[in-house]
Amino acid sequence: MQVETIATQPFSDQNPGTSGLRKKVKVFQQSGYLENFVQAIFDSLEDFSGKALVLGGDGRYFNRTAIQSIIKIAAGNGFAELIIGQGGLLSTPAASHIIRKYGAFGGLVLSASHNPGGPDEDFGIKYNVSNGGPAPEKYTDAFFKRSQVIDSYKIAVMEDVDLDRIGTRQLDGIAITIIDPVTDYAELMQALFDFPLLKQSISSGYITLLFDAMHAITGPYAKRIFVDLLGASPDSIINAVPLEDFGGHHPDPNLAHAHELAEIMFSDSAPTFGAASDGDGDRNMITGRQIFVTPSDSLAIMAANAQLIPAYVKGLAGVARSMPTSQAVDRVAAKYNIPCFETPTGWKFFGNLLDAGKITLCGEESFGTGSNHVREKDGVWAVLFWLNLIAKKRQPVVEIVHEHWQTFGRDIYSRHDYEAVDSAIAKEVVEHLRSQLPALPGQTFGEYEVNFADEFSYTDPVDGSVSSNQGIRIGFVNGSRMVFRLSGTGTVGATLRIYLERFEPDAAKHSQDAQVALADLISLAEQLCEVKKRTGRTEPDVIT
Ligand code: VG1
Ligand code: CO
């Protein structure tokens with residue numbers, strides 16, 4: 001194999017965020033930009049010669065072009081085999097599974113997840129390590145450091161690879177294996193859930209399903225699993241065909257962006273169960289007839305009922321949630337006497353806990369739930385979990401949720417996002433908040449007395465690594481909380497996220513609208529952070 005060494009100049013902005021490097025497509029299209037970052041990753045890894053690398057993406061614009069470049073750079077750097085999803089497609093959880101199943105050294109997943117796609121929109125790339133999970137911070141820090149001094153990359157001189165033909169081709173010095181992106185994943189799902197029961201519940205009409213693939217990666221997964229294996233009708237999947245620009249929408253499963261699904265679920269003709277996933281298939285939104293299940297509640301309900309699911313019948317070793325996720329799952333852990341961990345935002349922080357067997361189930365308020373079956377959050381898995389739960393309990397979603405609240409109380413929850421805020425103003429908002437923290441404990445605002453006010457810092461219980469500045473949190477004596485943090489996945493300006501929660505033990509008040517129930521906290525958050533005042537905005541861009 002002929003390998004060329006191409007001289008290059010570093011780019012200063014290749015610092016991975018919450019989940020990989022995300023930039024506008026136009027940024028990635030600059031000569032050497034993608035190549036530098038991929039080479040910086042390979043330069044930072046230990047010896048991988050003779051090992052396999054998994055490669056795939058969510059199919060967004062620039063996916064195929066990027067994959068062809070990465071194949072050549074990986075070949076030039078000495079990987080022995082590349083395992084690639086047909087058409088360059090792999091959902092994030094499927095990539096995680098394939099890394100684990102085939103014992104690959106790692107994988108590159110090409111996605112900007114829930115961010116929009118197309119020539120003027122976003123692209124992204126993230127590296128996953130051999131446990132199948134997102135590279136921990138010590139890796140991503142090393143990638144960034146290397147990218148700042150890189151002066152060349154290695155690239156094999158070879159033809160483009162036919163990404164559509166399944167099978168292994170032995171090229172000069174490297175094997176290229178194209179696999180079906182769904183098969184291995186579908187097998188794993190069949191090993192976790194009660195497929196005969198699901199099939200029966202669907203064919204009998206007890207469960208009617210509507211899944212919104214948002215023109216993103218889960219279309220083919222949903223078709224194989226829900227339609228081919230479980231017998232749902234083909235029209236139970238909407239926006240099923242992956243498109244390079246996701247049909248012009250944000251492939252972000254929440255009530256704002258999955259509005260087509262939301263409208264149907266709140267109409268008279270709603271099916272019994274509705275769900276959606278995101279660009280790369282790791283998020284999930286769960287709804288029932290006339291009810292939306294917040295991701296924090298979904299995690300808690302899954303934890304409380306896990307033993308009804310074949311894969312978790314022996315119970316859970318422990319659970320974990322990201323810091324801004326509501327404390328609903330903590331209550332379940334306390335009742336079942338299992339450990340509950342609080343981690344910073346981002347799935348990479350769950351990896352060690354899962355590997356060490358300290359937790360079985362984990363989740364984030366941002367529509368992410370997962371378990372020890374892979375090392376990523378998993379959208380289709382979450383949908384199957386809920387379907388299995390409904391089939392087993394023979395209860396509609398609304399009943400399952402209300403019963404849960406009756407048992408544990410309700411953690412009324414909402415997140416307010418201010419997007420594309422001028423970066424300098426966002427920094428001022430955070431500084432302003434930070435400066436108030438020392439004086440807040442003991443102060444009272446209406447019925448809210450501040451218990452603690454700090455910046456979240458996390459010490460990983462497995463490897464002792466410390467991650468600081470993971471969000472500002474203000475906790476109140478009555479258990480309510482508000483959290484402020486800047487997004488690490490956006491590509492334009494800064495996004496301020498405000499997370500609000502209040503515990504409501506009184507079942508008579510469980511049906512309240514979250515925005516109404518949280519009104520006092522919402523105005524207190526503004527009083528403290530002044531985001532509206534400083535930006536001139538009147539409302540958040542997205543409320544979830
Ligand atoms: C967001 C979410 C976080 C999630 C991350 C990646 O990060 O808040 O919980 O892990 O996206 O999800 P941030 O830094 O923008 O708040 V995905 O599905 O976009 O890979
Ligand atoms: Co995603």
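Predicted, not measured: the structure shown is a model, and the values here were computed from it. Remember, it's 1-based here, ligands and their atoms both numbered in the order they're listed.
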Which segment of [X] sits under 4.0 Å of ligand 1 when only heavy atoms are counted:
| X | value |
| --- | --- |
| Asp278 | side chain |
| Thr489 | both |
| Ser366 | side chain |

Output for pair (His215 NE2, Ile238 CD1), nearest 0.5 Å, gives 9.0 Å
Between the CG atom in Asp282 and the OG1 atom in Thr92, the distance rounded to the nearest 0.5 Å is 5.0 Å
Does any N or O atom in [X] lie less than 3.5 angstrom from one in ligand 1, N or O only?
| X | value |
| --- | --- |
| Lys126 | no |
| Asp282 | yes |
| Leu486 | no |

May I ask you to list the atoms of ligand 1 that are less than 4.0 angstrom from any heavy atom of [X]?
| X | value |
| --- | --- |
| Thr18 | 5 (C), 7 (O), 13 (P), 14 (O) |
| Arg22 | 17 (V), 19 (O), 20 (O) |
| Gly488 | 13 (P), 14 (O), 15 (O) |
| Thr345 | 3 (C), 8 (O), 9 (O) |
| Ser19 | 6 (C), 20 (O) |

Any side-chain heavy atom of [X] sitting closer than 4.5 Å to one from [Y]?
| X | Y | value |
| --- | --- | --- |
| Tyr139 | Lys348 | no |
| Leu45 | Tyr127 | yes |
| Arg100 | Asp184 | no |

Show, in sequence, the C-alpha distance, side-chain angles and deciding distance for Arg224 and Asp180, and conclude whether the salt bridge (Lys or Arg N to Asp or Glu O under 4.0 Å) test is met.
CA-CA 12 Å; Arg224 180 87 57 88; Asp180 180 275; 3.1 Å; yes
Sorted by chain and number, sequence neighbours left out, side-chain contact (heavy atoms from CB on, under 4.5 Å) with Asn15 holds for Phe144
For Phe408 and Arg331 the tightest heavy-atom approach is O-CD, 3.4 Å
With sequence neighbours left out, the residues meeting salt bridge (Lys or Arg N to Asp or Glu O under 4.0 Å) with Glu263 are none
Contact check, Glu376 vs ligand 1, heavy-atom distance below 4.0 Å:
no
Note to self: Using heavy atoms and a 4.0 Å limit, tell me yes or no: is Gly346 in contact with ligand 1?
What the structure shows: yes
Please list the nearest protein heavy atom to [atom] with its residue and the distance rounded to 0.1 Å.
| atom | value |
| --- | --- |
| atom 1 (C) of ligand 1 | Arg283 NH2, 3.7 Å |
| atom 18 (O) of ligand 1 | Ser113 OG, 2.6 Å |
| atom 19 (O) of ligand 1 | His114 ND1, 2.5 Å |

**Message:** Any carboxylate oxygen within less than 4.0 angstrom of a Lys/Arg side-chain nitrogen, looking at Asp122 and Lys23?
**Reply:** no
Glu342 and Arg481 ion-paired at < 4.0 Å: yes
side-chain hydrogen bond (donor to acceptor under 3.5 Å, both in side chains) filter on Glu35, not counting sequence neighbours, yields none
> Quick check, are the ring centers of Phe123 and Tyr61 under 6.0 angstrom apart?
Replying inline: no
For the Co ion (ligand 2) the protein N, O or S atom count under 2.8 Å stands at 4
Closest heavy-atom approach to atom 6 (C) of ligand 1 among Glu364, Arg497, Lys377 is made by Lys377
Exactly one candidate in Thr287, Asn284, Val397 meets side-chain contact (heavy atoms from CB on, under 4.5 Å) with Trp386; the answer is Val397
